[in-house]
Amino acid sequence: MLLITCPWCGPRPEIEFRHAGEAHIARPADPAAVSDAAWAAYLYERSNPRGEHAERWRHAHGCGRFFNARRHTLTDRISATTKPGETP
Amino acid sequence: MRLPSGGRIDRGKPLRFTFDGRAYSGVAGDTLASALLANGVHLLGRSFKYHRPRGLLSAGAEEPNALVELDCGPGRREPNTRATMVPLVEGLTARSQNRFPSLRLDLAAAASLFGPLLPAGFYYKTFLGPGREAWHRRWEPLIRRMAGLGRAPEAPDPDRYAHRYAHCETLVIGAGRAGIAAALAAAEAGDRVILCDEQPELGGRRLLSAGEVPGLAALRANPRVTLLPRTTAFHYGLQNFVSLAEILDRPDGLRERLWQVRAVRVVLATGALERPLPFRDNDRPGVMLADAARAYAARWAVLPGRQAVLLAAHDSGYEAAFALQEAGARIAAILDLRAAPPLADTARARGIEVRAAHGIAATRGGVRVSGVLAAPLRPDGSPDAARATPISCDLVLMAGGWTPNLALFSQARGKLRWDAAADAFLPGEVAEALTCTGACATGRGPGHPVAAIAAGALTARHAFVDPQNDVTTRDIALAVQEGFRAIEHVKRYTTTGMATDQGKVGGMLGLATAAAASGRTVPETGHTTFRPPYTPVSFGTLAGRHRGPLFDPIRTPPSHEWAEARGAVFEPVGQWQRARAYPQAGEALREAVARECLAVRQQAGLLDASTLGKIEITGPDAAELLERCYVNAVHSLRPGRCRYALLLREDGFLFDDGVLARLAEDRFHLTTTTGGAAHVLHLLEDYAQTEFPELRAWLTSTTEHWGVAALQGPAAREMLAPLVRGCDLAALPHMAVTEAEVAGIPARLFRVSFTGEPGYEINVPSDRLPALWEALIDAGATPYGTDAMHVLRAEKGYVIVGQETDGTVTPLDLGLGWAIGKGKRDFIGKRSLARAEMQRPDRRQLVGLAPLDGRLPEEGAQLLATSGARVAEGHVTSAYASAALGKPIALGLLAGGRARHGETVQATRLDCPRQPLLVVPPVFWDPEGKRLHG
Amino acid sequence: MAQRFSFLTLAREALRGHAGWHPHWRSPERPQPAYDVVILGGGGHGLATAYYLAKEHKPGRIAVLEKGWIGGGNTGRNTTIIRSNYLFPESAALYDHAVQLWEGLSAELNYNVMFSPRGVLMLAHSEHDVQSFKRHVHANRLAGVDNEWLTPAECKEFCPPLDIGAHIRYPVLGGALQRRGGIARHDAVAWGYARAASALGVDIIENCEVTGIARDPRSGAVTGVETSKGHVGCGKLGVVAAGSTSLVMVMAGLRMPLESFPLQALVSEPVKPVFPCVAMSNTIHAYISQSDKGELVIGAGTDQYTSYSQAGNVQILEHTLEAICEIFPIFRRMRMLRAWGGIVDVTPDRSPIIGRTPVPGLYVNCGWGTGGFKATPGSGHVFAATIARGEPHPIAAPFSLDRFVTGRVIDEAAAAAVMH
Amino acid sequence: MVEIVPLPPLRRYVLRGDPAPLGALGLKVPPLLQAAAAGAVHVLALGPDEWWVMAEAPPAWPGGAWVTEVSAGRAGVSLAGPDAPLLLAEGCPLDLTHFPAGACTRTLFGKVEILLWRRGEALWHVETARSFAPHLAAHLAEARADLLA
């Protein structure tokens with residue numbers, strides 16, 4: 001079980017958290033203006049890297065906040081967690 | 001044979017037990033294994049494939065042969081238990097396994113006659129016919145009967161299993177010399193320390209000598225130290241999250257406890273495992289690991305044999321032989337694979353014959369070893385049978401050298417590195433805060449190289465590497481010959497290392513054999529991955545207390561006790577138990593539902609709708625947040641009014657529906673489906689926090705604060721009016737909300753309907769709902785359950801998310817386009833609705849379906865254009881007997897359905913070929929909606 | 001041609017100490033400089049693709065490049081459940097194509113893959129389950145896929161260890177049974193296809209990791225792959241890399257609608273026959289059968305985060321065994337012998353992707369999620385045809401990559417079909 | 001030694017966004033994951049912009065407070081006695097030796113989300129959503145029986 005550092009609550013066990021997918025996938029500012037392909041890319045395409053991965057978590061059974069994490073998908077080690085908008 | 005003195009046992013406490021029905025006695029401190037040995041019982045099991053007679057190989061957790069069935073009464077039968085790990089208790093009942101009719105005479109042993117036909121992987125090459133299902137019908141049943149070891153339990157396990165989370169600075173695994181030293185050091189540094197060991201007594205190999213184990217007293221005295229005997233660390237998770245299985249066997253039925261330890265540092269002191277040696281018939285009862293034989297004599301004062309031959313590849317064997325000699329055994333000879341055994345002279349000085357560069361050509365005997373053929377080694381390391389001489393003995397000691405026990409280190413994703421000097425894999429890099437100490441870090445010094453040992457046994461017959469799975473050196477050589485070079489392939493093709501000892505006994509030897517057979521070195525060949533658990537763990541230990549009612553929370557709405565007292569029938573809806581109907585005496589469920597439906601249509605019915613999700617949205621930007629998420633126009637919603645609200649996923653498919661009520665400019669009351677409550681809140685929080693962080697709007701779940709009584713029916717208003725203070729019901733229009741007092745309880749009073757009748761949903765604090773409920777019943781309302789609710793909403797053509805929808809349905813498909821706010825620039829999923837696919841006229845659309853043969857359609861039935869058609873154009877989503885209409889009705893999704901009203905389609909049935917259904921509009925009851933606004 | 005496997009050859013070899021057996025497949029150390037078709041990924045799907053290419057389409061020289069040892073990925077890490085009772089006709093057609101091939105596979109390959117159609121029973125624990133499974137039964141029967149509805153008592157009769165009492169947390173309300181479903185021996189599938197493909201001249205190169213995809217600067221078409229064993233030219237490239245698909249496709253500049261999750265499974269210690277069928281309960285997440293060796297084979301869930309570690313968390317095993325003990329309480333004293341993890345590549349609609357890509361000459365077969373093993377023969381068969389003809393096999397056509405742009409998704413998961 | 005006692009009825013309010021209204025109730029704004037009190041009125045900081053106010057009687061909220069009442073939606077137990085942390089360890093994954101009196105947080109116990117509040121050295125407040133409370137109580141009771149045996 002991962003030990004995840006919530007930027008607000010500190011280190012907490014993984015079962016308190018809910019994984020919320022890849023981070024920094026920006027919703028088009030004006031969806032009506034983008035093509036079907038571009039919209040599909042936003043909806044579905046993911047980098048799914050083997051290595052450093054920017055992802056989102058929510059401290060669902062804690063403070064309830066969403067935040068960003070950088071995790072290595074081969075070792076599963078989290079190197080940094082930051083509040084939305086912050087940079088590590 | 002029990003020795004007159006010595007051992008860590010209590011001769012004063014005799015214990016009776018039975019094995020295969022025969023009564024024996026042992027003493028306190030015995031294991032089942034030592035007690036059987038003390039009683040001269042050496043034949044303890046039969047092997048997996050050939051059913052060869054087997055006895056004890058080891059004295060510990062790695063035991064591959066002595067697996068027994070324990071029977072501790074009804075529901076407490078337990079297969080495949082290692083006799084070496086069972087502390088003897090009064091009345092213990094054990095049986096041997098995998099034999100028929102008896103252990104001594106096992107007919108299945110005839111399998112060994114066909115041995116030549118059953119090499120590694122034989123089953124891939126045969127049983128191919130005759131006929132298509134030959135394997136499944138003819139051969140597989142035979143194989144299955146022969147395979148398997150013990151018998152599964154037959155009754156539910158009555159025992160309890162506990163869980164405990166624990167946290168410490170230092171977790172030490174293994175309580176031998178090194179482990180105890182590490183624990184002492186950490187304790188002195190002030191750490192919280194947990195020290196666990198799989199054995200009932202802490203001390204590891206120190207237990208081979210008499211007396212108190214040094215250091216234990218100090219650890220016991222330290223309150224920050226937790227000592228856990230009979231506790232196996234079996235799973236090593238990320239960031240030092242280690243799972244331990246503690247065996248309690250408490251008489252009150254608390255059987256085991258799962259410890260989940262988060263440790264800052266972990267110290268592995270897991271020692272090393274002695275290896276057996278490969279030679280012909282090395283599996284006969286009486287052939288034993290040297291250190292195990294020594295342990296039986298030293299710890300349990302049992303002599304495993306009177307006359308022993310030691311086959312040594314490592315000096316540790318000599319220590320064992322000397323110890324057994326001192327205990328009274330005669331050492332007939334020491335055969336040493338090495339040309340110049342360092343301890344040869346010491347042995348000779350003790351009057352023991354030592355033959356260097358010798359091996360064993362074969363063992364003699366039946367169900368117990370009676371002798372060996374000692375043979376000089378050829379240049380290739382194999383024993384030269386032609387020059388062999390017999391030596392009689394009743395015990396053969398194997399000292400094959402030691403393999404550092406690094407299973408947990410490997411589970412911790414540590415890399416093993418081959419150390420030529422140690423002739424072993426040793427711990428390499430590891431990312432965890434983890435250190436290895438003692439024999440698991442260094443081994444026990446090199447002996448005869450394992451590669452040479454394997455090379456010398458490549459051609460031997462019946463030289464077992466994995467005794468339980470009956471894998472021989474020849475099987476491994478054959479696998480290599482057949483092109484299985486990757487060690488994982490060799491393992492899978494021969495099954496070596498896949499027995500219940502998980503390769504603890506034969507893993508290293510197997511891989512050395514594969515290396516020798518393929519002309520590679522051991523490091524070139526590599527090793528297989530160590531998989532959890534370290535030793536087998538009961539399902540119950542992992543499941544813990546989560547069984548029956550504790551398996552998953554049972555949630556009940558506030559009227560549950562009332563409903564139970566009235567004999568209501570319940571149905572599970574997710575974790576909730578909801579009243580399905582309230583049958584009266586002698587009334588069938590179907591009849592009850594019909595009566596409840598009519599009561600609502602003709603008078604008024606009462607439903608507990610408390611399970612609906614509720615979210616309070618507050619803040620100056622509350623309306624803007626909802627405007628951006630829901631499909632509806634929210635800004636235009638006036639305080640005091642409600643809207644039927646739809647929430648989509650970004651892919652355009654319907655996610656949830658509910659009622660959105662505006663209580664004030666900056667405050668909304670939103671309902672969700674029962675199942676969707678948590679998901680909707682999570683999704684809205686996601687957008688509020690990450691997409692629109694600039695909005696000042698906050699979400700709070702009020703699902704369980706509000707109890708909801710839905711009063712529905714033409715008489716609802718007159719029933720409710722007398723109970724209401726502070727609001728004029730007549731002035732409250734459909735889809736409106738107001739604060740009021742109902743039956744003396746402060747309430748949020750909604751005028752909404754999920755039935756097509758005028759109705760109210762009265763929200764009061766859930767602890768007051770029972771009082772409100774009683775008041776409404778007294779006022780004449782008829783309680784109705786979820787079944788009636790389903791029928792009533794279907795008669796009116798209202799959809800249920802999850803029944804009419806399945807995650808591939810858009811609001812347009814359901815004819816709910818009207819709910820979408822006109823001219824809204826954006827909302828969740830809007831862009832997806834614009835895709836051509838979502839606009840196709842032949843999408844599956846909601847329709848009503850009227851059976852032309854008067855029979856109730858089957859839910860899930862496929863809809864066909866003609867009875868001969870093979871391609872479905874839709875399906876029946878709901879079908880009910882409508883009491884109000886006096887006929888069955890159905891809703892369905894049909895390709896281009898809205899344009900096909902009046903058409904007849906054919907529905908599939910399970911009980912007959914087809915059923916004709918007339919496509920009609922989905923609203924069967926009061927299409928003009930006169931009643932709603934009446 | 002490989003030597004024939006039969007009882008007779010086995011007996012003959014027994015008499016001469018099995019000295020005459022050859023390697024089951026040729027495993028050249030180094031690849032040829034170029035092939036007409038290169039299949040990337042030596043799992044069951046990739047090897048099956050190569051086999052059917054060589055047998056039915058003969059496009060010329062074929063190679064399978066595997067970064068480790070063949071069958072070492074999900075092929076050798078799954079719970080071997082085989083069934084075709086999927087909801088949507090597109091899915092049912094795909095998986096039933098596979099089941100039909102399974103039924104003759106041992107004979108086809110002359111290799112006993114131990115296909116055992118012992119029946120797959122899906123348990124319903126709520127009215128919603130009942131509605132959903134009955135919809136499956138209707139849809140499957142129409143599509144010619146066997147699936148029948150059983151009452152709780154009939155479920156108990158078919159699966160005696162099942163507890164159908166009312167006292168359990170989620171009582172069994174019935175079940176959907178596909179009798180043609182069952183299990184098979186996973187390793188044998190990879191080895192059998194490898195042996196048969198090798199016999200038809202396919203080069204199977206193990207320990208050969210792909211590091212790049214070479215493309216024609218003008219047309220952008222695939223011209224070969226860079227590997228740990230050097231450049232390998234190819235006319236067509238078929239990627240069948242399961243959990244690693246995203247990593248390979250990005251070498252061709254393609255972002256895939258995929259995420260890779262750890263999926264765990266476990267086996268118990270071996271016991272005598274006690275569990276006759278395959279039982280699945282997706283409401284409480286229990287998937288169980290008994291192997292011919294006697295082990296209870298139990299499927300666990302995926303972890304919540306993406307990972308390539310092939311290691312899962314212990315809490316997943318806890319939840320799995322809670323569920324197993326709840327509906328099979330007699331197994332609580334059984335012991336977990338071995339647990340392991342695989343990497344499953346999951347698409348947004350939980351259905352696979354089979355077909356062409358925007359890159360000329362590049363084909364992909366991925367996204368099987370937790371349910372790939374059952375499809376192995378069908379997947380290989382239709383993918384081989386798709387590669388050979390340069391256009392989708394009719395059964396594969398609905399599973400094209402562009403369905404995510406059009407929105408014509410095939411969402412079995414949302415439609416409440418179970419995974420696995 | 002640990003006793004399990006049902007919680008008495010409490011008024012509970014969730015304040016979001018701006019903590020200023022706490023002042024009007026005479027409450028200091030506690031640091032995240034800590035509680036503060038003014039007489040019988042307690043405030044628990046459960047999130048960076050989320051404060052739970054618990055009291056026996058409805059407090060006099062000033063206007064313009066983004067507050068929502070959840071009183072009847074919650075229930076739970078008090079654990080009294082030195083072994084309470086050991087009992088909680090049966091299902092709570094937190095290291096409670098680093099959870100001093102006055103600390104509070106949302107976390108888990110077994111399969112239930114709980115609000116854990118250490119009111120005193122040996123007094124723990126454990127509450128959850130109303131419908132989860134029976135499950136929580138049953139789980140704690142079974143675990144306690146095995147602790148005492």
Side-chain angles (χ1 to χ4, degrees), chain B residues 160-168 192 241 248 250-254 257 259-260 262 544-546 548-558 560 575-577 610-611 614-620 622 666-667 669 696-707 764-769, chain D residues 9 11-18 47-50 52 58 64-75 85-99 107-113 128-143 145-149:
Chain B
R160 296 189 308 286
Y161 300 80
H163 281 190
R164 180 171 296 165
Y165 287 99
H167 306 260
C168 63
R192 288 175 296 173
F241 189 73
L248 299 161
R250 252 164 49 174
D252 66 1
L254 186 64
R257 173 181 285 123
W259 288 74
Q260 307 216 281
R262 179 80 66 179
R545 304 189 187 275
H546 298 296
L550 289 186
F551 172 68
D552 200 32
I554 302 173
R555 308 175 66 185
T556 60
H560 187 76
Q575 292 177 317
W576 292 97
Q577 287 288 324
S610 305
T611 62
K614 302 161 209 80
I615 301 170
E616 190 111 334
I617 304 100
T618 62
D666 54 8
R667 185 174 292 267
H669 177 118
R696 288 173 50 78
W698 299 284
L699 304 142
T700 303
S701 170
T702 53
T703 297
E704 301 229 41
H705 174 66
W706 296 113
V764 297
S766 51
D767 55 340
R768 311 290 301 278
L769 189 280
Chain D
R11 308 301 292 248
R12 299 173 176 84
Y13 302 82
V14 180
L15 176 68
R16 298 298 304 270
D18 178 6
D49 67 347
E50 180 180 356
W52 283 45
W66 310 120
V67 65
T68 302
E69 182 174 8
V70 295
S71 307
R74 311 282 301 174
L86 202 55
L87 176 55
L88 285 164
E90 173 85 26
C92 175
L94 300 184
D95 184 354
L96 298 178
T97 53
H98 298 314
F99 201 84
T107 179
L108 294 165
F109 184 86
K111 302 204 166 183
V112 173
E113 178 182 298
T128 182
R130 186 195 63 84
S131 66
F132 289 111
H135 179 93
L136 174 65
H139 191 180
L140 282 166
E142 185 181 307
D146 282 332
L147 267 192
L148 302 186

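Lettering follows sequence order; numbering is per chain, from 1. Atoms considered below: every heavy atom in the structure, side chains included; atoms not considered: hydrogens, waters and symmetry mates.
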K.L.:
With sequence neighbours left out, write down each residue that passes salt bridge (charged side-chain N to carboxylate O under 4.0 Å, His left out) with R74(D), or none if nothing qualifies.
P.N.:
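For R74(D), the residues satisfying salt bridge (charged side-chain N to carboxylate O under 4.0 Å, His left out) (neighbours in sequence not counted) are E127(D).
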K.L.:
Where on R164(B) is there a heavy atom nearer than 4.5 Å to chain D: the side chain, the backbone, both, or neither?
P.N.:
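For R164(B), the contact with chain D is made by backbone and side chain together.
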K.L.:
Are W706(B) and S766(B) side-chain neighbours, meaning at least one heavy-atom pair lies under 4.5 Å?
P.N.:
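A side-chain contact is absent here, since even the closest heavy-atom pair is not under 4.5 Å.
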K.L.:
Select one option (side chain, backbone, both, neither) describing which atoms of L136(D) are under 4.5 Å from chain B's heavy atoms.
P.N.:
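The answer is neither part of L136(D).
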K.L.:
Is it the backbone or the side chain of P93(D) that comes under 4.5 Å from a heavy atom of chain B, or both, or neither?
P.N.:
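Both parts, heavy atoms under 4.5 Å.
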K.L.:
Please check if the side chain of S610(B) supplies one atom and the backbone of P557(B) the other of a donor-acceptor pair under 3.5 Å.
P.N.:
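Not at all, since once roles are kept as given, no pair shorter than 3.5 Å links the two residues.
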K.L.:
Do R257(B) and H163(B) have side-chain heavy atoms sitting under 4.5 Å apart?
P.N.:
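Counting from C-beta outward, R257(B) and H163(B) never come under 4.5 Å.
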K.L.:
Heavy-atom distance under 4.5 Å between the side chains of F99(D) and P85(D), does that happen here?
P.N.:
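No - every pair of side-chain heavy atoms lies 4.5 Å or more apart.
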K.L.:
Can you tell me which portion of H560(B) sits under 4.5 Å from chain D's heavy atoms? Options are side chain, backbone, both or neither.
P.N.:
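Neither part.
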K.L.:
Please flag which part of D252(B) lies under 4.5 Å from any non-hydrogen atom of chain D: side chain, backbone, both or neither.
P.N.:
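Just its side chain gets close to chain D.
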K.L.:
For L550(B), which residues count as a side chain to side chain contact (heavy atoms under 4.5 Å, CB included) partner, sequence neighbours excluded?
P.N.:
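By the side chain to side chain contact (heavy atoms under 4.5 Å, CB included) rule, L550(B) matches R545(B), H135(D), A138(D), H139(D), E142(D).
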K.L.:
Looking only at heavy atoms, which two atoms of L769(B) and G707(B) are closest? And how far apart?
P.N.:
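Looking at all heavy atoms of both residues, the shortest contact is CD2-C, 3.9 Å.
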K.L.:
Is it the side chain or the backbone of R768(B) that comes within 4.5 Å of chain D heavy atoms, both, or neither?
P.N.:
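Looking at R768(B), nothing touches chain D.
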K.L.:
Is it the backbone or the side chain of V70(D) that comes under 4.5 Å from a heavy atom of chain B, or both, or neither?
P.N.:
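Answer is both: backbone and side chain atoms of V70(D) are under 4.5 Å from chain B.
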K.L.:
Under 4.5 Å, counting heavy-atom pairs only, tell me which of A129(D), P9(D), G17(D) racks up the most with chain B.
P.N.:
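Highest number of pairs under 4.5 Å: G17(D).
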K.L.:
Is it possible for you to check whether K111(D) lies under 6.0 Å from the centre of the six-membered ring of F551(B), through NZ or CZ, and within 45° of that ring's axis?
P.N.:
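Yes, a cation-pi geometry.
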K.L.:
Using non-hydrogen atoms only, which part of P549(B) is less than 4.5 Å away from chain D: side chain, backbone, both, or neither?
P.N.:
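For P549(B), backbone heavy atoms alone lie under 4.5 Å from chain D.
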K.L.:
Looking at D146(D), V14(D), V112(D), T68(D), which makes the most heavy-atom pairs under 4.5 Å with chain B?
P.N.:
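That would be D146(D).
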K.L.:
For the candidates E50(D), R12(D), E90(D), which exhibits the highest count of non-hydrogen atom pairs separated by less than 4.5 Å from chain B?
P.N.:
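Max contact count across the listed options: E90(D).
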